[in-house]
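Each remark here refers to the structure printed beneath this line.
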Amino acid sequence: MKAFKYISFLLLIAIIGVSIYIAVQPNTFEVTRTRTIKVPTPVIYKNVIDFKNWEAWSPWVEKEPNTVITLSEQTKGIGGSYGWIDKDGTGTMKTLETVPNKSIKQEMQFADFPASEINWSFEPNDDGTTNTTWTISGKDLPFGFKAFAAFTGGMEKQIGPNFERGLEKLDSILQASMKVYSITPNGITNHSGGYYLYTTASCKISELASKMQEMMPKVGEYVMKNNITMAGAPFTNYHKWDMENNAVIFSCCVPTTEKIITTDSDILTGQLLPFKAVKTTLKGNYDYLKEAWETADKYIKDNNLEQIETGPTIETYVSDPKSLPNPADWITEIYIAVK
């Protein structure tokens, strides 16, 4: 009997000791992780601000694939939310505040625990990467929450590795998304032609991209400065492509609604007459243009068509990369004049 009382006394002392240990634990917590993601800031922000994208890179869903995700009617922006049910309970997440391409503030409620604050921050780097920080914090923690944290190794141990894995998956998924592309041979069409402003140059094929980046803005600036109305997307007209000598002659062009008499000797006025063409569409990064041109050439050969050697050979940039940070969204149309 004395032994039983002694053991009971020791158990009571242990329970009191554990209770005191739990009670003196901090009433707040914060876990944060940062990763340099090799993707432009707007691409990351666009993904994170919409909860419908979260399941793909969630480390918790990766561990528990049977997690049930419920998307609300609004998943994007302030007021967007979603919920989930897993083996540990039910949770919800809601977006409270945003500064586009800079930060996101959210609230997470899990089971009966107090709500936690989630913060994202995005810091762009000069090399096109983004320092992405994911933080969770809580305050006024009740005894039960502190007990849970104490017996599971603490919030740092519970959440930190998951944040690291989530950011790693986000990086991988977004990098892959930027490489997605498609090439579609649209077949024969009639190009309407029209007036345009242009500047012409010749260079090595290997220098073409840098030369175009220098020339196209000059034509665009002239148009903007003189309040000239554009009649469509800018384009490049290839006059000669000499692989053997690594040489290309081309014009960077901006279509106009009427004939413009220019005041700059470097900016000239041209006109395309309507012509029959084989059209091919690339959706994706300009890195795949070579493959798109090869596809267009193959379509011409496979359909026994004949290219007009002196006819227009045009690359039209339907999308503005400045407004579409993900190259997978860029659209380029190729027109090759045929008989």
Side-chain angles (χ1 to χ4, degrees), residues 183-203 205 208-209 211-242 247-284 286 288-290 292-321 323-324 330-339:
I183 298 172
T184 305
N186 305 109
I188 296 176
T189 187
N190 291 313
H191 193 289
S192 60
Y195 292 107
Y196 61 94
L197 298 180
Y198 72 98
T199 184
T200 298
S202 61
C203 66
I205 294 175
L208 176 62
K211 195 69 174 177
M212 286 177 61
Q213 290 175 3
E214 172 190 333
M215 293 167 56
M216 191 66 81
K218 288 184 178 179
V219 185
E221 288 171 9
Y222 184 88
V223 169
M224 295 294 292
K225 183 179 179 181
N226 291 277
N227 296 316
I228 298 171
T229 302
M230 293 177 58
F235 62 92
T236 298
N237 191 1
Y238 294 100
H239 308 294
K240 184 176 182 180
W241 189 279
D242 187 348
V248 57
I249 302 175
F250 66 100
S251 296
C252 289
C253 315
V254 172
T256 58
T257 57
E258 59 184 345
K259 184 176 182 179
I260 304 295
I261 305 302
T262 64
T263 57
D264 187 331
S265 59
D266 292 331
I267 307 295
L268 305 174
T269 299
Q271 182 183 14
L272 281 176
L273 297 176
F275 63 96
K276 178 181 176 182
V278 166
K279 176 183 176 182
T280 303
T281 300
L282 164 67
K283 185 176 182 182
Y286 298 145
Y288 304 110
L289 276 170
K290 182 176 183 294
W293 279 99
E294 290 172 348
T295 300
D297 289 337
K298 184 176 183 300
Y299 182 92
I300 291 173
K301 292 177 182 177
D302 290 347
N303 289 274
N304 297 315
L305 299 171
E306 184 178 351
Q307 180 179 350
I308 301 175
E309 295 299 329
T310 58
T313 307
I314 292 175
E315 198 173 79
T316 302
Y317 314 107
V318 178
S319 304
D320 179 7
S323 61
L324 293 172
W330 299 351
I331 296 176
T332 308
E333 295 175 346
I334 293 172
Y335 296 89
I336 300 176
V338 294
K339 293 182 178 178

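Throughout, numbering of the chain's residues begins at 1 and tracks the sequence.
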| note | Output for pair (Thr281 OG1, Glu333 CD), nearest 0.5 Å, gives 5.0 Å
| task | Return the minimal non-hydrogen interatomic distance between Met230 and Val223, and the atom names on each side. | result | CG-CG1, 3.8 Å
| said: When you compare the side chains of Tyr222 and Thr263, does any donor N or O come within less than 3.5 Å of an acceptor on the partner? | reply: yes
| query | Do Lys298 and Glu294 meet the salt-bridge criterion of a basic N to acidic O distance under 4.0 Å? | reply | no
| side chain to side chain contact (heavy atoms under 4.5 Å, CB included) between Thr184 and Lys283: does it pass, once the steps are laid out? | CA-CA 8 Å; Thr184 305; Lys283 185 176 182 182; over 6 Å; no
| Taking only residues two or more places apart in sequence or in another chain, which ones pass ring pair (Phe, Tyr, Trp, His ring centres under 6.0 Å) with Tyr286? | Tyr317, Trp330
| Shortest non-hydrogen contact between Ile300 and Glu306, atoms and distance | CG2-N, 4.4 Å
| Should Leu197 and Thr256 count as side-chain neighbours, where that means a heavy-atom distance under 4.5 Å? | yes
| Any idea which heavy atoms bring Tyr198 and Gly270 closest together, and the distance? | CE2-N, 3.7 Å
| Tyr335 side chain reached by Thr316 side chain, heavy atoms, under 4.5 Å | yes
| task | Mind checking the NZ-CD spacing from Lys301 to Gln307? Nearest 0.5 Å is all I need. | result | 10.0 Å
| query | Are the side chains of Ile336 and Asp297 in touch, meaning some heavy atoms are under 4.5 Å apart? | reply | yes
| Flag side-chain contact, heavy atom, 4.5 Å: Ile188 against Leu305 | yes
| message | Taking Ile267's backbone N and O only, do any of them form a donor-acceptor pair with Thr262's side chain (distance below 3.5 Å, no angle check)? | response | yes
| field | Flag side-chain contact, heavy atom, 4.5 Å: Tyr196 against Phe235 | value | yes
| said: Closer than 3.5 angstrom, by distance alone: can the side chain of Asn190 be matched with the main-chain N or O of Pro274 as a donor-acceptor pair? | reply: no
| task | On the 0 to 90° scale, with breaks at 30° and 60°, tag the Tyr238-Trp241 ring pair as parallel, tilted or perpendicular. | result | perpendicular
| request: Could you give me the CA-CA distance, side-chain angles and deciding distance for Thr200 and Ile249, then say whether side chain to side chain contact (heavy atoms under 4.5 Å, CB included) is met? | output: CA-CA 7 Å; Thr200 298; Ile249 302 175; 4.3 Å; yes
| message | If I compare all heavy atoms of Thr280 with all of Ala296, which pair ends up nearest, and what's the gap? | response | OG1-CB, 3.3 Å
| remark: d(Glu315 CD, Cys253 SG) to nearest 0.5 Å is 11.5 Å
| Does any N or O in the side chain of Ser319 come within less than 3.5 Å of the main-chain N or O of Ile331, such that one atom is a donor and the other an acceptor? | yes
| query | Just wondering, do Lys218 and Asp266 contact through their side chains at under 4.5 Å, heavy atoms? | reply | no
| query | Closest approach of Pro312 and Leu272, non-hydrogen atoms and distance? | reply | CG-CD2, 3.8 Å
| note | Between Thr295 and Pro185, the two heavy atoms sitting closest are CG2-CG, 3.7 Å
| query | Are any of the side-chain heavy atoms of Phe250 and Lys211 separated by less than 4.5 Å? | reply | yes
| remark: Separation between CD1 (Ile314) and OG1 (Thr332), nearest 0.5 Å, reads 13.5 Å
| Looking at side-chain heavy atoms only, is the closest gap between Thr236 and Met216 below 4.5 Å? | yes
| request: With rounding to the nearest 0.5 Å, note down the distance linking OH in Tyr195 to CD1 in Ile260. | output: 10.0 Å
